[in-house]
Amino acid sequence: MDFSYRMQTQIEFGDGRAAKLVDDLSLLFKPGESLMVVTDPGVLQTGMLEPLLQMLHKARYQVALFSDVKPNPRDEDCLRGAALMREQNVSAVVAVGGGSAMDTAKTIALLGRSGGVPREYADGERLYEEVAPIICLPTTAGTGSEVTRSAVITEHATHRKMTLKHERLRPTLAILDPLLTRSVPPSVTAATGVDALVHAIEGATCRLSTPLSRAFGEQAMQLIVPSLRRAVACGEDLDARRAMLEGSLLAGLSFGSTDVAAVHCLAEALGGLYDTPHGVANAVFLPSVLRFNAEAYPVLHARLARVMNFASTADSDQLAVAKLLDGIRAWTAELGIPKLRDLASVRVEDFEHLADLAFQNGSTKSNVRPVTREDYQTLLDETYQWT
């Protein structure tokens, strides 16, 4: 098959690697230049940001701190950050946090240089003309946003999830330090880790998948399934944290140049309407979408079962698929992921609207099996009924 793969991000991975941030920045920016650090209140509370800020000040960089980042980041917050960026004449944006911080930083870097509002880019009304350099230090093993070309932003007025996607949004530098992930609580570790697994599965199986996305995705799956249990059980297990951060990175490299698919379409609909954490929403829908896709592509999903060690090479494809579906449901339950019916905000009367939102998502067409609006309605009903 013909395919292309583009990757412009410099990746630095290792224990304690964040301590060399100033060395990396000195190759890109002169002392005295202004940098914007984008983070969220949770990261601030851990205290992990303070040594990084001290390093930047000691190296004589001007620092503008923006910490008004929410889960499922809002367009209005990005606009405030962009205004601050212009006011402070910021040269680059440094994201320290999870996917919300990184997606917010990408959007600020775009709006601060090119103007406009997120909706104009998501709807193709405005060109991605100029984006400030973006440096990412992920503190969760989940989104892989540190190496992707996209940012997902919620339009506050409509609750619509918008995807901004362009090569110029791909970060200049990604610094992955497993030590930064140790303070993540078990519930967040679980949710972000399942998000990473969904990225790997969809990047490897969607209609836009390539040999590279499949290779990255399958390696990510092999790391994430056994390591996430350990990281949730013991946050100080550095081997597990390291494997999860590597798996999240590989998953980002998998879907970051292809696409996600139906799991994300449903998850983004749920998150947009109810503000459900993205990882939880992905985990809720993963088993039902796998079943739906496996009906049409059993050989492909038997392979996934073997890659993730839910089945062996001795198992028939039919048995391997059954073990995959049972294994994923048991795995997410073991991680403490709630069921759809247990999410307090979810209302059955909203399912038609959720199905519409999922179907309108641009990634619907990338799902390996064609999916209709009615299929989404069925998937919502099925997921809600599971006990």
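Computed over heavy atoms, backbone and side chain alike; hydrogens, waters and symmetry mates excluded.
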Distance-only, no hydrogens or angles: does the Ser248 side chain make a donor-acceptor pair with backbone N or O of Gly142 under 3.5 Å?
yes
Is there a path of hydrophobic side-chain contacts, each under 4.5 Å between heavy atoms, that joins Val307 and Phe255?
no
Stepwise side chain to side chain contact (heavy atoms under 4.5 Å, CB included) check, Leu270 with Leu343
CA-CA 11 Å; Leu270 199 73; Leu343 299 177; 4.1 Å; yes
Distance under 6.0 Å and angle within 45° of the ring axis: does Arg369 meet both against Phe292?
yes
Are the side chains of Leu304 and Phe310 in touch, meaning some heavy atoms are under 4.5 Å apart?
no
What I want to find out is whether Asp40 reaches Lys70 closely enough, with some N-O distance under 4.0 Å, to be called a salt bridge.
no
Within the structure provided, determine whether Leu290 and Ile328 are in side-chain contact (heavy-atom separation under 4.5 Å).
yes
Other residues, nucleotides, ligands: >12 heavy atoms within 6.0 Å of His57 NE2
yes
Rounded to the nearest 0.5 Å, what separates atom OG1 in Thr276 from atom CG in Asn72?
7.5 Å
Nearest heavy-atom pair of Ile134 and Ala109: which atoms, and what distance?
CG1-CB, 3.7 Å
Looking at every heavy atom in both Pro338 and Val280, which two are closest together, and how far apart are they?
CG-CG1, 3.9 Å
Would you please say whether a donor-acceptor pair under 3.5 Å links the side chains of Arg170 and Ser257?
yes
With the side chain counted from C-beta on, respond yes when Leu253 and Met7 share a heavy-atom pair under 4.5 Å apart, and no when they do not.
yes
Output, in order, the C-alpha distance, side-chain angles, deciding distance and verdict of side chain to side chain contact (heavy atoms under 4.5 Å, CB included) for Glu246 and Phe13.
CA-CA 8 Å; Glu246 183 181 340; Phe13 188 105; 4.1 Å; yes
Are any of the side-chain heavy atoms of Thr154 and Arg160 separated by less than 4.5 Å?
no
Within the side chain of Arg149, is there an N or O that forms a donor-acceptor pair under 3.5 Å with the backbone of Leu169?
no
Scan side-chain atoms only and decide if Thr148 and Lys106 contain a donor-acceptor pair under the 3.5 Å cut-off.
yes
Which distance, rounded to the nearest 0.5 Å, do you find between the CD of Glu120 and the CG of Asp75?
11.0 Å
Kindly determine whether Leu111 and Cys78 satisfy side chain to side chain contact (heavy atoms under 4.5 Å, CB included), including the steps that lead there.
CA-CA 8 Å; Leu111 302 180; Cys78 296; 4.2 Å; yes
Nearest heavy-atom contact between Asp275 and Pro71 is OD1-O, 3.8 Å
Could you tell me whether a side-chain N or O of Ser213 sits under 3.5 Å from a main-chain N or O of Ser209, the two making a donor and an acceptor?
no
Counting C-beta onward and ignoring hydrogens, is there a side-chain heavy-atom pair between Pro73 and Thr107 closer than 4.5 Å?
no
Between Leu354 and Tyr274, is any pair of side-chain heavy atoms under 4.5 Å apart?
yes
Check the pair Phe285, Leu340 against side chain to side chain contact (heavy atoms under 4.5 Å, CB included), reporting the backbone distance first and the verdict last.
CA-CA 8 Å; Phe285 292 114; Leu340 181 61; 4.1 Å; yes
Hey, is Glu129 close enough to Arg168 for a salt bridge, meaning N to O under 4.0 Å?
no
Within a reach of under 6.0 Å around CZ of Arg74, are more than 12 heavy atoms found that belong to other residues, nucleotides or ligands?
yes
Does a donor on one side chain and an acceptor on the other come within less than 3.5 Å for Ser227 and Arg241?
no
Same apolar cluster: Met308 and Leu319, side chain cutoff 4.5 Å:
no
Lys/Arg-Asp/Glu bridge criterion (N-O < 4.0 Å) met for Asp24, Arg17
yes
Any donor-acceptor pair under 3.5 Å from Thr172 side chain to Ile135 backbone
no
If we ignore angles and hydrogens, is there a donor and acceptor under 3.5 Å between the side chains of Asp375 and Thr372?
yes
Would you kindly confirm whether Met48 and Val69 end up in one hydrophobic cluster when ILVMFWY residues are joined by side chain heavy atoms under 4.5 Å apart?
no
Report yes or no: is the cationic atom of Arg341 (NZ for Lys, CZ for Arg) under 6.0 Å from the centre of the six-membered ring of Tyr384, at an angle within 45° of the ring normal?
yes
Minimum-distance pair of heavy atoms, taken over all atoms of Pro178 and Leu238
CB-CD1, 4.0 Å
Roughly how far, to the nearest 0.5 Å, is the CZ atom of Arg126 from the CG atom of Leu110?
9.0 Å
Pairwise side-chain contact, Arg291 with Glu295, heavy-atom cut-off 4.5 Å (strictly under)
yes
Do the non-hydrogen side-chain atoms of Trp331 and Leu228 ever get within less than 4.5 Å of each other?
yes
Closest non-hydrogen atom pair between Asp315 and Lys323, with its separation
OD2-NZ, 3.1 Å
Under the salt bridge (Lys or Arg N to Asp or Glu O under 4.0 Å) test, which residues partner Arg119, sequence neighbours left out?
Asp123, Glu125
Straight-line distance of Leu53 CG to Glu50 CD, nearest 0.5 Å
5.5 Å
Ion pair present between Arg182 and Asp15, side-chain N to carboxylate O less than 4.0 angstrom?
no
If you measure only the distance, is there a donor-acceptor pair under 3.5 Å linking the side chains of Asp259 and Ser363?
yes
Answer yes if the ring centres of Tyr128 and Tyr121 are under 6.0 angstrom apart, and no otherwise.
yes
Do the side chain of Asp177 and the main chain of Ala18 share a donor and acceptor less than 3.5 angstrom apart?
yes
Describe, in one word, how the ring planes of Phe359 and Tyr376 are oriented to each other, choosing from parallel (under 30°), tilted (30 to 60°) and perpendicular (over 60°).
perpendicular
For the pair Thr332 (side chain) and Arg329 (backbone), establish whether a donor and an acceptor sit closer than 3.5 Å, ignoring hydrogens and angles.
yes
Would you kindly say whether Lys161 and Asn361 are connected by a side-chain donor-acceptor distance under 3.5 Å?
no
Taking atom CD of Glu167 as the centre, does the number of heavy atoms from other residues, nucleotides or ligands within less than 6.0 Å exceed 12?
yes
Quick one: does Asp317's side chain have a donor or acceptor within less than 3.5 Å of a partner on Val299's backbone?
no
Judged by atom type as modelled, is there a donor-acceptor pair below 3.5 Å linking the side chain of Glu268 to the main-chain atoms of Cys265?
no
Minimal heavy-atom distance between Leu250 and Ala220, with the atoms involved, is CB-CB, 3.9 Å
Leu52 and its side chain to side chain contact (heavy atoms under 4.5 Å, CB included) partner, picked from Val37, Leu137, Val22:
Leu137
Backbone N/O of Tyr297 and side chain of His301: donor-acceptor pair under 3.5 Å
yes
Could you please spell out the steps behind the salt bridge (charged side-chain N to carboxylate O under 4.0 Å, His left out) verdict for Lys20 and Asp23?
CA-CA 5 Å; Lys20 298 181 180 179; Asp23 294 338; over 6 Å; no
Are Val63 and Val43 connected in a single hydrophobic cluster, I mean Ile/Leu/Val/Met/Phe/Trp/Tyr linked by side-chain heavy atoms less than 4.5 Å apart?
yes
Identify whether Leu21 and Met36 are in the same connected component of the hydrophobic contact network (ILVMFWY, side-chain heavy atoms under 4.5 Å).
no
Can you give me every donor-acceptor pair (side chain of residues 88-96, partner residue at least two apart or in another chain, under 3.5 Å) with its distance?
{"residue": "Ser91", "atom": "OG", "partner": "Glu33", "partner atom": "OE1", "Å": "2.7"}

Verify, without hydrogens or angle tests, whether Asp350 (side chain) and His353 (backbone) share a donor-acceptor contact under 3.5 angstrom.
no
